[in-house]
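Quick notes on the structure that follows.
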Amino acid sequence: MKLFENIREFFWPLLEKREVQKIQKLEPNEIKVENKHLEKTLKYALDFYESEAQRKKTIEGKSSLFISIISVITSIILGVTTVLVKTNDFSVVLLFLIFLLFVLSIYMSRTVWFSLKTLERKAYYSISINDFLIGEKNDDYFKKLISDITNKVKKNSIVINEKVDNMTMAQEYFKRAIVIVSFYSFVILIFFISKAGVNFPELFSNGVSFLNSLNLSAWNILILYLLIAISIILGIKANQKK
């Protein structure tokens, strides 16, 4: 069963179900900060609110970028496939290319779907000047502001986390779409090479014959082994640093 889930996840990732988050509302009397630190604590609360707002903008910006890139890729792939279908007779290769286009369309559709879900408008609590125009006195003013801002950030975090989940899914399907595009391009390359009449067995045989015709002296072989040893040592060191 686990193997089936891993295979399904490889081709068709799904969002993991998470428990509904419950917000524990912060009351002003629960703030135990010393009075002399209340003003600084309010600044921290405002900074946290701004960081969450920036996180939301970043996620939505990535989503818009995905939609733009996919629009361009889809137009190019559809154009290439249309030209191939019009200029060539039906064959197994064209059928395979159309199948790849179908798979690519599914992955791209899923990417756009989750990107659009990321851009969906949901309840988002913002800070306005009215939040500061309250009638509390002395330190109660700061505690009331801190609690209100903190509660808004908690509510916004749930919405932003949902956007992050959708953005993660969009990225997963986008990665799979990129793999399909690369494979699609490789198949087209092979298709045109075969149309050009390139004889792969003969080409491979000529390459082997060329290598066999090379005369290497003992010094050439020694230098070659030295370069291989240096490459291995550098690779090991780089891996250790990583």
Side-chain angles (χ1 to χ4, degrees), residues 2-21 50-126 155-196 242:
K2 185 66 176 177
L3 178 62
F4 174 77
E5 290 181 0
N6 291 336
I7 295 174
R8 190 267 306 154
E9 189 69 19
F10 181 80
F11 292 101
W12 194 259
L14 297 176
L15 268 176
E16 295 182 1
K17 294 183 179 180
R18 64 166 63 188
E19 297 181 358
V20 179
Q21 298 181 14
E50 289 296 331
S51 67
E52 286 293 283
Q54 185 60 40
R55 186 163 72 107
K56 175 177 174 288
K57 290 180 181 179
T58 301
I59 295 168
E60 292 179 346
K62 284 184 178 180
S63 179
S64 300
L65 181 62
F66 271 175
I67 294 174
S68 301
I69 293 175
I70 286 175
S71 300
V72 175
I73 293 177
T74 303
S75 301
I76 295 173
I77 296 296
L78 284 175
V80 172
T81 306
T82 302
V83 172
L84 288 174
V85 171
K86 286 183 178 180
T87 57
N88 294 275
D89 296 329
F90 181 79
S91 64
V92 177
V93 176
L94 285 178
L95 179 62
F96 186 61
L97 287 174
I98 293 173
F99 173 74
L100 287 179
L101 179 63
F102 171 72
V103 176
L104 179 63
S105 301
I106 293 177
Y107 281 146
M108 287 189 171
S109 298
R110 293 287 286 177
T111 303
V112 172
W113 170 258
F114 284 109
S115 297
L116 292 175
K117 284 180 70 67
T118 303
L119 295 174
E120 281 182 354
R121 295 190 63 180
K122 296 185 178 181
Y124 191 82
Y125 299 87
S126 59
K155 295 176 182 177
N156 291 341
S157 294
I158 295 177
V159 175
I160 296 173
N161 288 337
E162 290 179 359
K163 290 179 177 290
V164 171
D165 289 341
N166 288 320
M167 191 67 243
T168 301
M169 294 303 299
Q171 289 176 339
E172 290 298 320
Y173 281 103
F174 185 73
K175 288 190 292 186
R176 285 157 178 78
I178 291 299
V179 172
I180 297 296
V181 169
S182 302
F183 189 56
Y184 183 92
S185 303
F186 177 74
V187 172
I188 289 180
L189 176 64
I190 299 299
F191 177 72
F192 277 104
I193 290 177
S194 63
K195 283 286 186 179
K242 182 179 179 181

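Remember, predicted model here, so these are calculated numbers, not experimental data. Values reported hereafter were calculated over all heavy atoms of this structure, with side chains retained and with hydrogens, waters and symmetry mates removed.
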Does [X] reach the side chain of [Y], with side-chain heavy atoms less than 4.5 Å apart?
| X | Y | result |
| --- | --- | --- |
| Phe114 | Thr168 | no |
| Thr118 | Asp165 | no |
| Phe66 | Gln171 | yes |
| Leu119 | Ile67 | yes |
| Met108 | Phe174 | no |
| Ile178 | Ile73 | yes |

Please report the interatomic distance [atom1]([X]) to [atom2]([Y]), rounded to the nearest 0.5 Å.
| X | Y | atom1 | atom2 | value |
| --- | --- | --- | --- | --- |
| Thr111 | Arg176 | OG1 | CZ | 9.5 Å |
| Ser185 | Leu100 | OG | CG | 10.0 Å |
| Glu52 | Lys155 | CD | NZ | 15.0 Å |
| Ile98 | Ser105 | CD1 | OG | 11.5 Å |
| Ile59 | Gln54 | CD1 | CD | 10.5 Å |
| Leu65 | Ser115 | CG | OG | 9.5 Å |

Next on the checklist: Can you confirm whether the side chains of Asn161 and Arg55 place a donor and an acceptor under 3.5 Å from each other?
Outcome noted: yes
Next on the checklist: Considering only residues two or more places apart or on different chains, which pairs with a residue in residues 59-68 satisfy side chain to side chain donor-acceptor pair (under 3.5 Å)?
Outcome noted: Lys56-Glu60, Glu60-Lys163
Checklist entry - Parallel under 30°, tilted from 30 to 60°, perpendicular over 60°: which one fits the rings of Phe99 and Phe102? => result tilted
Checklist entry - Can you check whether Tyr124's main-chain N or O pairs, donor with acceptor, with Asn156's side chain at less than 3.5 Å? => result no
Item to check | Stepwise side-chain contact (heavy atoms from CB on, under 4.5 Å) check, Trp12 with Ile106 | outcome: CA-CA 10 Å; Trp12 194 259; Ile106 293 177; 3.5 Å; yes
Next on the checklist: Among Leu104, Leu97, Val179, which residue satisfies the side chain to side chain contact (heavy atoms under 4.5 Å, CB included) criterion with Tyr184?
Outcome noted: Leu97
Item to check | Within the 6.0 Å centroid threshold, strictly below: Tyr173 and Trp113 | outcome: no
Checklist entry - Which residue pairs pass the salt bridge (charged side-chain N to carboxylate O under 4.0 Å, His left out) test with at least one member in residues 103-123, sequence neighbours excluded? => result Lys122-Glu162
